[in-house]
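It should be emphasised that the depicted structure is a prediction, and the values quoted were computed from it without experimental measurement. Both backbone and side-chain heavy atoms feed into the values below; hydrogens, waters and symmetry mates do not.
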Amino acid sequence: MTKTLRFHRIGIVGTGRVARALALGLTEWSDLPLLVWGRSRERAGQMGGEAAQSMAQLARACDVIALAVSDDALDGVAAELAAVSPDGGTGFVFHVSGRSGLAPLEALALRGGRTAAIHPAMTFTGDAPAELRRMAGARFAVTAAEPETAAIAHRLVAALGGVAVDVAETQRPLYHAALCHAANHLVTLMAGSLGALERAGVADGAALLGPLVRAALENSLTMGFGALSGPLLRGDSATIGGHLSALERECPELLGAYRAMGSATLDQLEQRGRDVAPALRAMLGKDGADRTTARGMAAPQDQTRLR
């Protein structure tokens with residue numbers, strides 16, 4: 001990025017994980033030291049710039065302001081910034097929320113500022129140097145109302161080493177749902193599998209699953225649903241039945257998730273023209289779940305008779 005693409009002064013609202021990573025990545029692109037506003041002045045002063053005296057100072061001094069706050073706080077912070085912004089707006093203001101588009105920044109846009117949503121599609125754990133390295137090549141979802149504003153957003157993404165991907169305002173919820181479905185539900189999926197392996201007597205489930213899951217992830221990213229393997233693809237009802245019986249007996253809390261993912265996999269197979277055995281569909285569907293529930297409800301009565 002050339003000197004002509006630098007910014008006069010970059011401001012950051014927030015002192016959390018994302019804010020710290022942004023500060024580390026953007027400081028070299030700000031002609032004046034970063035100005036940081038947060039609930040903790042001490043933490044703000046530890047982010048490589050200067051702690052702002054007030055939100056109003058930030059609004060007056062900065063031509064670019066990043067709102068790196070929680071989703072629930074975003075509306076209030078944006079409204080507070082708009083209330084102290086000079087006539088004509090604060091220049092360029094963006095937030096890093098995944099779920100939100102431009103709506104939380106409407107008050108700033110009405111004041112004359114340019115606004116955008118710039119969401120880095122990655123996780124943040126608090127290790128800012130490592131996260132800055134991961135930003136290189138990472139995708140950033142950009143939502144902006146005008147081409148000129150989108151161009152500024154793309155410059156900021158490039159400054160962080162990322163790749164900008166434009167997402168329309170109306171598609172922002174679907175975009176975020178897709179990310180959560182992939183990343184958050186993966187954590188739940190892995191936790192359930194690790195728990196089941198522990199009950200199966202496997203001492204180090206992570207070591208066992210690691211190579212298998214990493215290969216499945218890489219293959220699915222490359223091949224999509226074409227990477228599917230296993231008993232559902234083969235239509236192996238006996239194997240699936242064995243899984244369900246074992247889960248019912250040893251890990252009943254995992255049954256719902258297993259059935260749901262199995263049914264979703266059958267849906268994908270059918271959409272691709274594959275025949276799905278009715279018995280397999282019934283086994284994983286509501287009827288199969290009802291039978292499992294009925295057996296679970298009957299068990300205490302049987303035990304009472306035995307006593």
Side-chain angles (χ1 to χ4, degrees), residues 10-23 25-26 34-41 43-44 47 49 51-52 54-86 89-126 128 131 135 138-146 149-150 152-153 156-157 160 162 164-180 183-184:
I10 299 174
I12 297 177
V13 179
T15 58
R17 296 173 179 179
V18 182
R20 294 195 298 273
L22 287 177
L26 292 175
L34 291 178
L35 202 55
V36 183
W37 173 252
R39 287 177 295 183
S40 167
R41 284 184 52 78
R43 289 181 67 181
M47 287 172 53
S54 65
M55 187 84 81
Q57 180 195 7
L58 194 83
R60 291 193 304 269
C62 299
D63 55 334
V64 173
I65 298 175
L67 304 185
V69 298
S70 68
D71 288 348
D72 290 343
L74 180 57
D75 286 347
V77 169
E80 184 180 351
L81 181 62
V84 297
S85 293
T90 55
F92 179 77
V93 182
F94 70 96
H95 70 71
V96 294
S97 167
R99 79 179 188 192
S100 301
L102 299 176
L105 306 179
E106 184 177 2
L108 288 156
L110 290 173
R111 294 281 292 174
R114 294 187 180 275
T115 61
I118 306 177
H119 176 244
M122 52 182 282
T123 58
F124 292 82
T125 62
E131 282 147 7
M135 284 183 189
R139 268 48 180 177
F140 288 66
V142 170
T143 300
E146 304 90 15
T149 306
I152 299 172
L156 278 161
V157 172
L160 292 166
V165 177
D166 293 311
V167 177
E169 175 80 2
T170 55
Q171 297 302 324
R172 198 77 182 195
L174 180 60
Y175 154 80
H176 196 234
L179 266 61
C180 290
N184 302 157

So does V167 get a backbone contact from the side chain of T143, meaning a donor-acceptor N/O pair under 3.5 Å? yes
Would you compute the distance between atom CD1 of I10 and atom CG of L156 and round it to the nearest 0.5 angstrom? 6.0 Å
Is there a donor-acceptor pair closer than 3.5 Å between any side-chain N or O of R17 and the backbone N or O of F124? yes
Could you report the tightest heavy-atom contact between G14 and A19, atom names first, then the distance? O-CB, 3.3 Å
In Å and rounded to the nearest 0.5 Å, what is the CG to OG1 distance from L67 to T115? 10.0 Å
Going by the rule side chain to side chain contact (heavy atoms under 4.5 Å, CB included), which residues pair with P104 if we only count those two or more places apart in sequence or in a different chain? L74, D75, S100
Do I152 and F94 make a side-chain contact, defined as non-hydrogen atoms from C-beta onward lying under 4.5 Å apart? no
Do L160 and F140 have side chains that approach each other closer than 4.5 Å (heavy atoms only, starting at C-beta)? yes
Could you tell me if the side chain of H95 sits less than 4.5 Å from the side chain of H119, heavy atoms only? no
Rounded to the nearest 0.5 Å, how far does CD of E169 lie from OH of Y175? 13.5 Å
Indicate yes or no: does R99 engage D72 in a salt bridge with an N to O separation below 4.0 Å. yes
Looking at CD1 of I118 and CZ of F92, how far apart are the two atoms once the value is rounded to the nearest 0.5 Å? 4.5 Å
I'd like to know whether CD of E106 has more than 12 heavy-atom contacts from other residues, nucleotides or ligands below 6.0 angstrom. no
So, using side chain to side chain contact (heavy atoms under 4.5 Å, CB included) as the criterion, who are the partners of S54 when residues are at least two apart? A56, Q57
Measuring from Q171:CD to D166:CG, what's the distance to the nearest 0.5 Å? 13.0 Å
Euclidean distance, M47 CE relative to I12 CD1, rounded to 0.5 Å: 4.5 Å
Closest heavy-atom pair and its distance - L22, A68: CD1-CB, 4.2 Å
Where do S85 and R111 land on the side-chain hydrogen bond (donor to acceptor under 3.5 Å, both in side chains) test, with the steps shown first? CA-CA 8 Å; S85 293; R111 294 281 292 174; 5.3 Å; no
Is the side chain of E131 donor-acceptor paired with the backbone N or O of V18 at a distance under 3.5 Å, no angle test? no
Among I65, V36, V84, side chain to side chain contact (heavy atoms under 4.5 Å, CB included) partner for L58: I65
Heavy-atom closest contact (A116 atom, L102 atom, distance): CA-CD2, 3.6 Å
A side-chain contact here means heavy atoms from C-beta on lying under 4.5 Å apart; do V157 and M135 qualify? no
Any non-hydrogen side-chain atom of T15 less than 4.5 Å from a side-chain atom of R20? no
